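Heads up, the thing below is written out as structure tokens.
In this chain, numbering begins with 1 at the start of the sequence shown. Just so it is clear, the structure is predicted and the values come from calculations on it, not from any experiment.
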Amino acid sequence: MLATQVLRFGHSPDPDDAFMFYGFATGAVQVRDYRVEHVLEDIESLNRRALTAELEITAVSAHAYAYLADRYWVMRTGASVGRGYGPLVVAREEMALAALAGKKVALPGAWTTAALVFGLLAPPCETMQRPFDGIMEDVASGRVDAGVIIHEGQLTFAEHGVQKVADLGQEWQRETGLPLPLGLDVVRADLGRDLADEASRALRASIEYAVAHEDEAVAYAMKFGRGLDRERCRRFVRMYVNDDTLNLGDEGERALRTLYERGAAKGILPQIPQLTFVG
């Protein structure tokens with residue numbers, strides 16, 4: 001049992017996560033009589049906090065979950081999945097992905113799924129970790145040869161003087177025939193199965209509430225959009241809040257297992273994690 005009737009829910013300050021949380025934020029959705037407290041941090045910070053199981057419920061990168069499976073369960077609701085799209089590799093000029101061999105490439109955090117998929121699909125490079133919201137400037141200024149961008153940068157990169165080299169979600173789908181699971185919502189195992197299932201169902205209810213009140217939910221999500229106008233915010237939300245978000249499903253689970261199998265086979269991951277799904 002928790003010492004207090006609070007469930008802390010970590011999510012990143014981004015439009016898609018904010019949209020999913022809208023039902024909770026308005027008070028329209030609850031988990032029993034718990035107070036749901038949202039903790040806003042960038043995804044790499046949430047990944048690190050999850051390593052010590054600090055938060056009861058949190059968004060994490062699918063990559064990071066490979067190191068968390070002994071303390072968190074995966075919610076079937078809340079996943080960010082790209083079907084033929086995902087993190088972008090950008091450079092100052094057009095080039096093929098293979099041309100990055102030996103180049104200096106900025107990644108948005110070692111634990112991000114973007115970093116894992118780049119490692120699976122790109123040639124050997126000199127990589128460095130950089131804050132996700134500074135990577136386009138790093139590329140445009142020449143501090144690095146290329147960078148991997150996530151979040152709303154996938155829609156705004158052309159405004160920053162950089163060119164698309166590759167869409168890693170597209171490359172992943174071409175190679176595997178599967179969608180790309182990027183982010184997960186997970187619940188701490190010590191809460192017990194009943195509460196974990198209820199929390200997952202409540203998250204689904206929060207998302208369904210946002211979908212049913214899309215204009216209001218998009219207006220709320222725009223507060224976290226870092227310069228996105230309403231229609232681009234709506235477009236970004238629809239990219240990553242979709243049917244896969246409501247229910248990861250058999251194909252989503254297969255894609256997640258494939259990601260871990262390939263990561264382990266290439267030596268990027270130490271092992272294939274044991275997956276437990278709730279909700």
Side-chain angles (χ1 to χ4, degrees), residues 7-14 17 39-82 86-87 105-122 124-125 127-132 148 150-151 168-169 172 176 178-193 196 199-200 203 240 244-245 248 252-279:
L7 289 175
R8 293 167 298 169
F9 196 140
H11 67 92
S12 58
D14 300 300
D17 277 16
V39 178
L40 291 170
E41 292 195 13
D42 68 274
I43 193 62
E44 190 71 346
S45 296
L46 292 174
N47 288 338
R48 289 194 294 268
R49 291 181 76 163
L51 292 173
T52 58
E54 183 178 344
L55 301 176
E56 289 80 34
I57 307 168
T58 187
V60 296
S61 298
H63 179 189
Y65 186 73
Y67 302 89
L68 306 172
D70 61 334
R71 67 212 81 164
Y72 283 98
W73 294 329
V74 179
M75 291 177 165
R76 286 195 173 86
T77 296
S80 296
V81 176
V105 180
L107 301 177
W111 301 96
T112 61
T113 310
L116 172 57
V117 179
F118 183 80
L120 290 174
L121 298 175
C125 303
T127 60
M128 57 186 295
Q129 309 305 322
R130 294 287 294 156
F132 77 90
V148 180
I150 57 176
H151 301 319
L168 294 178
W172 168 264
T176 67
L178 293 167
L180 176 59
L182 293 162
L184 305 170
D185 279 320
V186 299
V187 56
R188 215 168 59 200
D190 65 357
L191 269 62
R193 187 64 185 242
S200 184
L203 177 58
Y240 291 112
D244 296 304
T245 311
L248 187 58
E253 291 184 22
R254 188 165 72 252
L256 192 59
R257 295 181 196 280
T258 300
L259 182 68
Y260 295 139
E261 289 166 0
R262 293 189 175 221
K266 197 161 184 178
I268 301 173
L269 299 178
Q271 60 187 9
I272 301 170
Q274 180 68 40
L275 298 177
T276 302
F277 295 93
V278 297

For a quick test of reading the model, state the closest non-hydrogen atom pair linking [X] to [Y] and the distance between them.
X	Y	value
Leu259	Ala62	CD2-CB, 4.1 Å
Leu107	Ala115	CD1-CB, 4.0 Å
Trp172	Pro179	NE1-O, 2.9 Å
Tyr67	Ile268	OH-O, 3.7 Å
Glu54	Arg188	O-NH1, 3.5 Å
Leu121	Leu168	CD1-O, 3.7 Å

Are any of the side-chain heavy atoms of [X] and [Y] separated by less than 4.5 Å?
X	Y	result
Glu56	Leu191	yes
Arg193	Val278	yes
Ser200	Val187	no
Leu120	Lys266	yes
Tyr65	Thr113	no
Cys125	Phe118	yes
Val148	Val117	no
Arg49	Leu55	yes

CG (Leu116) and CG (Leu269) are apart, to the nearest 0.5 Å, by 5.5 Å
Rounded to the nearest 0.5 Å, the OG1 atom of Thr77 sits from the CG atom of Leu203 at a distance of 6.0 Å
Check: [X] side chain, [Y] main-chain N or O, donor-acceptor pair, under 3.5 Å:
X	Y	answer
Thr176	Leu178	yes
Arg71	Ala189	no
Gln129	Gly109	yes
Ser61	Ala64	no
Asp185	Ala79	no
Glu44	Trp111	yes
Arg48	Ile43	no
Tyr240	Gly183	no

Checking His63 against Asn47 for the side-chain contact (heavy atoms from CB on, under 4.5 Å) test, could you report, in this order, the C-alpha distance in whole Å, the side-chain angles of both residues, the deciding distance, and whether it holds? CA-CA 9 Å; His63 179 189; Asn47 288 338; over 6 Å; no
I'd like to know if the side chain of Asp42 pairs up with that of Ser12 as donor and acceptor (distance under 3.5 Å, no hydrogens or angles considered).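 Per modelled atom types, Asp42 and Ser12 side chains form no pair under 3.5 Å.
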Between Leu68 and Val60, is the side-chain contact (heavy atoms from CB on, under 4.5 Å) condition met? List the steps. CA-CA 10 Å; Leu68 306 172; Val60 296; 3.9 Å; yes
Verdict with reasoning, Phe277 to Leu248, per side-chain contact (heavy atoms from CB on, under 4.5 Å): CA-CA 10 Å; Phe277 295 93; Leu248 187 58; 3.8 Å; yes
Go through it in stages, so that I can follow the logic: the residues are Leu256 and Leu275, the test is side-chain contact (heavy atoms from CB on, under 4.5 Å), and I'd like the CA-CA distance, side-chain angles, deciding distance and then a yes or no. CA-CA 9 Å; Leu256 192 59; Leu275 298 177; 4.1 Å; yes
Scan residues 253-263 for pairs that pass salt bridge (Lys or Arg N to Asp or Glu O under 4.0 Å), counting only residues two or more places apart or in two chains.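 Residue pairs with at least one partner in residues 253-263: Arg76-Glu253, Glu175-Arg262.
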What class does the angle between the rings of His11 and Phe9 fall in, given that below 30° is parallel, 30 to 60° is tilted and above 60° is perpendicular? perpendicular
Kindly write out the residues that satisfy salt bridge (charged side-chain N to carboxylate O under 4.0 Å, His left out) with Asp14, not counting sequence neighbours, or none if the list is empty. Arg226
